[in-house]
Amino acid sequence: MKHFLDINQTAPADLRDIIDGAAAMKADRAGRPRGAPDDEQPLKDHMVALIFEKPSTRTRVSFDVGVRQMGGQTMVLSGADMQLGHGETIADTARVLSRYVDLIMIRTFEEATLLEMAEYATVPVINGLTNRTHPCQIMADIMTFEEHNGPIKGKKVVWSGDGNNVFASFAHAAKSFDFDLVFTGPPTLDPEAALSGLYTTERDPDKAVIGADLVVTDTWVSMHDPQSARERRHNQLRAYQVNDALMAKAKPDALFMHCLPAHRDDEVTSSVMDGPRSVIFDEAENRLHAQKSIMRWCLGK
């Protein structure tokens with residue numbers, strides 16, 4: 001049994017197999033209707049629980065569609081449906097779910113919830129997102145970069161903005177896939193100390209993006225932030241907006257990514273999002289293919 005909890009907890013060779021498997025499955029589906037089954041049905045007769053304590057569009061739809069394309073069935077559960085960790089312990093929930101399903105994906109707040117679920121489940125558990133990391137997103141990002149610009153090994157990736165959970169998974173990926181990662185953002189929003197050594201810092205975004213092969217950003221605020229925090233973050237991050245002037249300092253073939261949803265003309269301008277360097281919708285689509293490959297890997301299929 002193999003969990004997919006974080007990129008740094010999965011062997012680099014396995015990560016590469018997952019990326020290559022995702023690309024192969026995507027190629028095999030070229031031209032098919034979205035609801036058509038894959039030729040191979042590795043999840044036939046399998047039930048997958050999709051647990052959401054946090055709202056979701058891409059994670060929910062991509063996992064649900066991916067399971068169905070591979071012949072499985074899904075059970076979508078919200079935190080309210082389960083009262084996860086409130087009425088029944090997470091450990092007992094994990095034990096019970098393991099009697100009903102073959103695989104668990106959980107999108108939650110606290111990393112401790114994910115880890116406890118994995119510790120007590122007797123089926124594989126996948127990290128759909130926590131406040132600390134977002135590994136499925138970064139697997140899709142690596143896949144997307146390589147589709148457009150070839151192997152990511154040795155390339156320069158620049159993150160502009162808040163050193164958040166998505167950045168943390170990029171930092172883990174930088175080590176596993178051997179690329180250079182640069183963080184540019186205010187000191188008040190630096191990544192967590194545990195990530196030290198996995199990236200370099202350049203406070204000046206204009207300097208940071210020189211020679212960049214990929215520029216990435218994320219939202220400045222979360223749906224749960226109060227208005228006071230939103231205003232403070234905007235003031236801190238305004239200088240780190242990804243716009244046409246910033247992208248012009250990167251390599252001519254540099255790509256732009258954003259995990260979405262985006263606040264247009266805050267962290268990134270619409271002209272960049274809709275411009276020729278943006279691969280944000282390929283990136284969103286590849287969540288489907290990367291996660292299908294992750295599920296197969298977890299189940300040994």
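Bear in mind that the values here come from a model prediction, so they are computed numbers and not experimental data.
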Salt bridge (charged side-chain N to carboxylate O under 4.0 Å, His left out), that's the test. Do Arg32 and Asp38 meet it? Break it down for me. CA-CA 9 Å; Arg32 295 191 187 199; Asp38 291 348; 5.3 Å; no
With side-chain hydrogen bond (donor to acceptor under 3.5 Å, both in side chains) as the criterion, how do Thr93 and Glu88 come out once you've worked through the C-alpha distance, each side chain's angles and the decisive distance to 0.1 Å? CA-CA 7 Å; Thr93 300; Glu88 185 173 46; 3.3 Å; yes
With heavy-atom distances below 4.5 Å as the criterion, would you say the side chains of [X] and [Y] are in contact?
| X | Y | value |
| --- | --- | --- |
| Phe63 | Val48 | no |
| Met105 | Thr59 | yes |
| Ile7 | Lys175 | no |
| Val125 | Leu5 | yes |
| Val279 | Met257 | yes |
| Leu97 | Met82 | yes |

Kindly give the cluster partners of Leu129, where membership spreads through any ILVMFWY side chain lying under 4.5 Å from a current member.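 Under the 4.5 Å side-chain rule, Leu129 groups with nothing.
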Is Leu260 isolated, or which residues cluster with it under the ILVMFWY side-chain rule of less than 4.5 Å, directly or via members?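 Taking Ile, Leu, Val, Met, Phe, Trp and Tyr as members, Leu260 shares its hydrophobic cluster with Val158, Val182, Val209, Val215, Val242, Leu246, Met247, Phe256, Val268, Val272, Met273, Ile280, Phe281.
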Quick one: list whatever passes salt bridge (charged side-chain N to carboxylate O under 4.0 Å, His left out) with Glu110, sequence neighbours left out.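 Applying salt bridge (charged side-chain N to carboxylate O under 4.0 Å, His left out) to Glu110 gives none.
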Salt bridge present between [X] and [Y] (N-O < 4.0 angstrom):
| X | Y | answer |
| --- | --- | --- |
| Arg287 | Asp141 | no |
| Glu146 | Arg16 | yes |
| Lys301 | Glu40 | no |
| Lys26 | Asp282 | no |
| Arg29 | Asp39 | no |
| Asp244 | Lys249 | no |

side-chain contact (heavy atoms from CB on, under 4.5 Å) partner of Ile294, the single match among Leu299, Thr10, Ile126, Asp14: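 Between Ile294 and the candidates, side-chain contact (heavy atoms from CB on, under 4.5 Å) is satisfied uniquely by Ile126.
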Test side-chain contact (heavy atoms from CB on, under 4.5 Å) applied to Val157 and Asp180, Leu255, Ile152, the passing residue: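 Result: among Asp180, Leu255, Ile152, Ile152 is the only option passing the side-chain contact (heavy atoms from CB on, under 4.5 Å) with Val157.
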Side-chain donor-acceptor pair under 3.5 Å between [X] and [Y], yes or no?
| X | Y | answer |
| --- | --- | --- |
| Gln236 | Thr188 | yes |
| Asn127 | Thr133 | yes |
| Lys251 | Asn149 | no |

With sequence neighbours left out, what residues match Phe167 under ring-ring contact (aromatic ring centres under 6.0 Å, His included)?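 Per chain and number, Phe167 pairs via ring-ring contact (aromatic ring centres under 6.0 Å, His included) with Trp159, Phe183, Tyr199.
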Considering residues at least two apart in sequence or located in another chain, which fulfil the ring-ring contact (aromatic ring centres under 6.0 Å, His included) criterion with His234?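 Expected list: Trp220.
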Spell out, as yes or no, whether a donor-acceptor pair under 3.5 Å connects the side chain of [X] to the backbone of [Y].
| X | Y | value |
| --- | --- | --- |
| Ser293 | Ile18 | yes |
| Asn131 | Phe109 | yes |
| Asn243 | Thr269 | no |
| Tyr240 | Arg203 | yes |
| Lys155 | Pro151 | yes |
| Gln41 | Gln69 | yes |

Can you tell me how far apart [atom1] ([X]) and [atom2] ([Y]) are? Round to the nearest 0.5 Å.
| X | Y | atom1 | atom2 | value |
| --- | --- | --- | --- | --- |
| Glu147 | Ile19 | CD | CD1 | 10.0 Å |
| Ile106 | Met117 | CD1 | CE | 4.0 Å |
| Gln73 | Met47 | CD | CE | 4.0 Å |

Step by step, work out the side-chain hydrogen bond (donor to acceptor under 3.5 Å, both in side chains) result for Glu267 and Thr217. CA-CA 7 Å; Glu267 69 270 14; Thr217 193; over 6 Å; no
Residue pair [X] / [Y]: nearest heavy atoms and the distance that separates them:
| X | Y | answer |
| --- | --- | --- |
| Arg264 | Ser270 | NH1-OG, 3.2 Å |
| Asp81 | Val76 | OD2-O, 4.4 Å |
| Asn164 | Val166 | OD1-N, 3.1 Å |

Quick one: list whatever passes side chain to side chain donor-acceptor pair (under 3.5 Å) with Ser62, sequence neighbours left out.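 By the side chain to side chain donor-acceptor pair (under 3.5 Å) rule, Ser62 matches Gln291.
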Quick one: do Leu195 and Phe170 end up in the same hydrophobic cluster if we chain Ile, Leu, Val, Met, Phe, Trp and Tyr together by side-chain heavy atoms under 4.5 Å apart?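 Yes, it is one cluster - the side chains of Leu195 and Phe170 are joined through contacts under 4.5 Å.
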For residues Leu103 and Ile90: do they belong to one hydrophobic cluster (side chain heavy atoms under 4.5 Å, members Ile, Leu, Val, Met, Phe, Trp, Tyr)?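 Different clusters: Leu103 never reaches Ile90 through Ile, Leu, Val, Met, Phe, Trp or Tyr contacts under 4.5 Å.
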